[in-house]
Amino acid sequence: MRYITLPSLAALLGGLCLLSACSEHTPINYSGPTADWPVVGGTIGRGQYSALDQVTPQNVDRLEVAWTHHSGDFARASDGSGKVTAFEASPLVVNDTLYYCTPYNRIFALDPETGEERWVYDAEIDSTGVQSHICRGVTYWEDTQAAPGADCARRIFMSTVDGRMVGVDADTGRACADFGSAGAIDLMVGMEDFRQSGVYPTSPPLAIGDVLVTGALVIDNRSSKEAPGVVRGFDARSGELRWAFDPVPPSMTPVTAEDVKNGAAFTPSTPNAWSLISGDSERGIVYVPMGNPANDFYGGQVRKDLDYYGSSLVALDAATGAVKWHFQTVHHDLWDYDLAAQPVPFTQQTEAGPVPGVMVATKTGFIFLLNGETGEPLFPVEERPVAQTDVPGEVSSPTQPFPTKPAPLLPDLTEDDLWGLLSFYDEKACREQFAKLRYEGVFTPPSLEGSLQFPGFVGGVNWGGVSIDPVNNRAVVSFHRFPFMLKMVEREPGQHYAYNMEGAPYAMQPTLFGSPLGAPCIEPPWSYLAAVDLNTGEHLWQAPFGTLENLAPLGQFFPWGGMALGGNLQTAGGLVFIAATMDTQFRAFNASTGEELWSTGLPYSGHAMPMTYRLRPDSKQFVVIAAGGKGLFEMMGSKTGDALVAYALAD
């Protein structure tokens, strides 16, 4: 059945008053709690939840811009520089100061209530060879052993696109001289052969105790020999390498921190961790979401045994880096179904008592709820037979893990899902194309004749797409429905391919499964929010969001959504805040029902994780979002810029 879901009446009216119903505002409640936001994600579990309740479903329509800050640090594909930016930073508010980083690795310290600048630190990066500049946030750390008033007793750490980690004084913005060399450590030690080759951190390090834990992005699908995907723990005072997790299988000997200090190099081409690493400080656990070994779409004899930790959640001992357990969400991943959303710890309430859990939401649309201490599934996970590869030299896994609860966010496609604006034209073309493609469900392997991949390699659930309300044990995820076609081709000399995959016998040509009019060949809407009860594993509600603004004439009137890249925020006030879609809207939903309550235009698209704070009993609650788009997705409608926008209730 075809359907179009319209926004709620409140959202369409945009907060307009009817008759005299809004002539008197309910006074702002100043008796509620106060809270800062000291970590990207709110806590080291990165659950994107706040106990603040000044903004509610009853008054959210009174939110207005309180201040906007522009850094000037952005680049668009249309500029001709060959570089683009993605403004995906989630600010911190701690030490009575707001801190955020720009795609060019500058740190701004602002007054959190006015947006006025206090200081600026410039890491002076060398971005040779870097096309897409990203900094998803900074890390705050206090040295409890430092003398009162000592320099760098409070520190801000930032990873840079030229492979460094810098530490600066949170009060002054000056480099901490005792951290590494003149305030910076070289993250390329142990992987010198890959300098300027597309390996650099984009997510903030995790501070747990006095250890800074970081992974790094490794550019996909260029070669079968890529940079190591090592995850490391550094001393927050000195910058010394404390430990290293070299993600090799048990059949290989991992390279240790001591080995590297003695001149060894980490193992190349191992799975990497580019997304947000989270933690559990009470249990001393670091949760690492892993990607894939090179190449993403072909394993064959190239990867050998390096799949062992691929597309897995790995739990590490925070003090030593030792593996406590790991759970693989995709075996021998041939689809680039790496873990893009942060894993989030929670406590499941059962008849037998509370159980420590961790939630893993994936690009496949599967949600795995695991025991946070052991990695055992909290609900049964079944190994089911799946379609097998017919690509010469490739060997696919005979089974894949399917969670029984929660139910998949994205059921497999059927012919009934095929769609077009004009049935006699583009829908007909979609059906003809579908008939030629191999498709046998979510794990249909890439093929030489062409396979349909759904969800596509962008998800499902992608970057930052998870929040958990620990009071109601409600998880909210954002996800999208975009099918792709994967076709393996035999490489020919001099030919350019989207994914060249040197070292493999094939290249990969991925394309959107779209109509001649450019729309996906499946029925809209294409982006959603969904809520899940973490105690029962049941779905609570599902709501489409997003429009075709920037993509089609009068697109703002088509509530069909698009790719949803960015996080959501839940509050005790009963709201879910999210931007994420390719349009320039920032929205609020009722956390209990999924009803859209409020929407406002941003200067640019917002693909970051929103955050909130209220510093004093006489102050307002602020909700802040980075709006700067994602340059790599300009063709999908993402609008690039540099605005950090704060909202608060109008008096």
Side-chain angles (χ1 to χ4, degrees), residues 39-41 44-46 88 101 105 130 132 134-139 157-166 185-191 194 197-208 211-220 226-234 236 239 241-248 254-257 260 265-279 285-294 296 306 308-318 320-324 326 329 333 336 338-344 358 360 462-464:
V39 182
V40 171
I44 70 166
R46 308 211 194 267
E88 299 177 354
C101 60
N105 291 128
V130 177
S132 182
I134 307 172
C135 181
R136 294 190 169 98
V138 296
T139 301
F157 296 100
M158 174 180 64
S159 298
T160 68
V161 297
D162 57 359
R164 293 177 292 147
M165 187 191 298
V166 298
I185 57 176
D186 184 359
L187 297 177
M188 297 305 295
V189 173
M191 53 180 80
F194 296 94
S197 70
V199 52
Y200 49 90
T202 58
S203 297
L206 175 76
I208 182 165
V211 178
L212 302 169
V213 183
T214 187
L217 173 145
V218 177
I219 299 296
D220 294 335
E226 290 287 0
V230 61
V231 175
R232 289 165 287 181
F234 294 92
L241 180 62
R242 289 268 201 93
W243 54 257
F245 166 54
D246 188 29
V248 298
V255 178
T256 67
V260 170
F266 292 114
T267 308
S269 303
T270 49
N272 66 302
W274 61 266
S275 188
L276 287 168
I277 295 171
S278 59
I285 297 176
V286 174
Y287 295 113
V288 183
M290 300 298 290
N292 302 312
D296 285 341
L306 292 181
Y308 187 78
Y309 288 112
S311 298
S312 297
L313 178 63
V314 181
L316 303 178
D317 184 288
T320 67
V323 177
K324 287 179 170 288
H326 85 284
T329 63
D333 190 344
D336 193 17
D338 55 335
L339 298 186
Q342 75 276 22
V344 182
V358 60
V360 187
N462 205 295
W463 140 252

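Because only heavy atoms are used, hydrogens play no part in the values below, and waters and symmetry mates are left out as well, while side chains stay in. For this chain, numbers begin at 1 and follow the sequence in order.
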Keeping Arg46 on the side-chain end and Val40 on the backbone end, is there a donor-acceptor pair under 3.5 Å? yes

Determine, stepwise, if the pair Glu226 / Val199 fulfils side-chain contact (heavy atoms from CB on, under 4.5 Å). CA-CA 9 Å; Glu226 290 287 0; Val199 52; over 6 Å; no

Of all residues at least two apart in sequence or in a different chain, which pass the salt bridge (Lys or Arg N to Asp or Glu O under 4.0 Å) check with Glu88? Arg136, Lys630

Using every non-hydrogen atom in the two residues, find where Val138 and Cys101 come nearest and quote the distance to one decimal. CG1-CB, 3.7 Å

Tell me whether Thr139 contacts the main-chain N or O of Pro205 through its side chain, where contact means a donor paired with an acceptor under 3.5 Å. yes

Below 4.5 Å, heavy atoms only, C-beta onward: do Val314 and Pro247 meet side chain to side chain? no

Please collect all side-chain hydrogen bond (donor to acceptor under 3.5 Å, both in side chains) contacts where either partner lies in residues 265-279, sequence neighbours excluded, each pair once. Asp246-Thr267, Trp274-Asp338

Does Gly310 offer a backbone N or O that forms a donor-acceptor pair with the side chain of Asp333 under 3.5 Å? no

Between atom SG of Cys135 and atom OH of Tyr200, what is the distance when rounded to the nearest 0.5 Å? 12.0 Å

Quick one: does Phe194's side chain get under 4.5 Å of Val218's, heavy atoms only? no

Do the non-hydrogen side-chain atoms of Leu316 and Val323 ever get within less than 4.5 Å of each other? yes

So CG of Leu276 and CD1 of Ile44: to nearest 0.5 Å the spacing works out to 13.0 Å

When rounded to the nearest 0.5 angstrom, what distance separates CD1 in Ile277 from CG in Leu212? 11.0 Å

At what distance, to the nearest 0.5 angstrom, does CZ of Arg232 lie from CH2 of Trp243? 10.5 Å

Measure the OG1-CE distance between Thr214 and Met165 for me, rounded to the nearest 0.5 Å. 4.5 Å

Flag the pair Phe234 / Leu187 as yes when at least one side-chain heavy-atom distance between them is below 4.5 Å, and no otherwise. yes

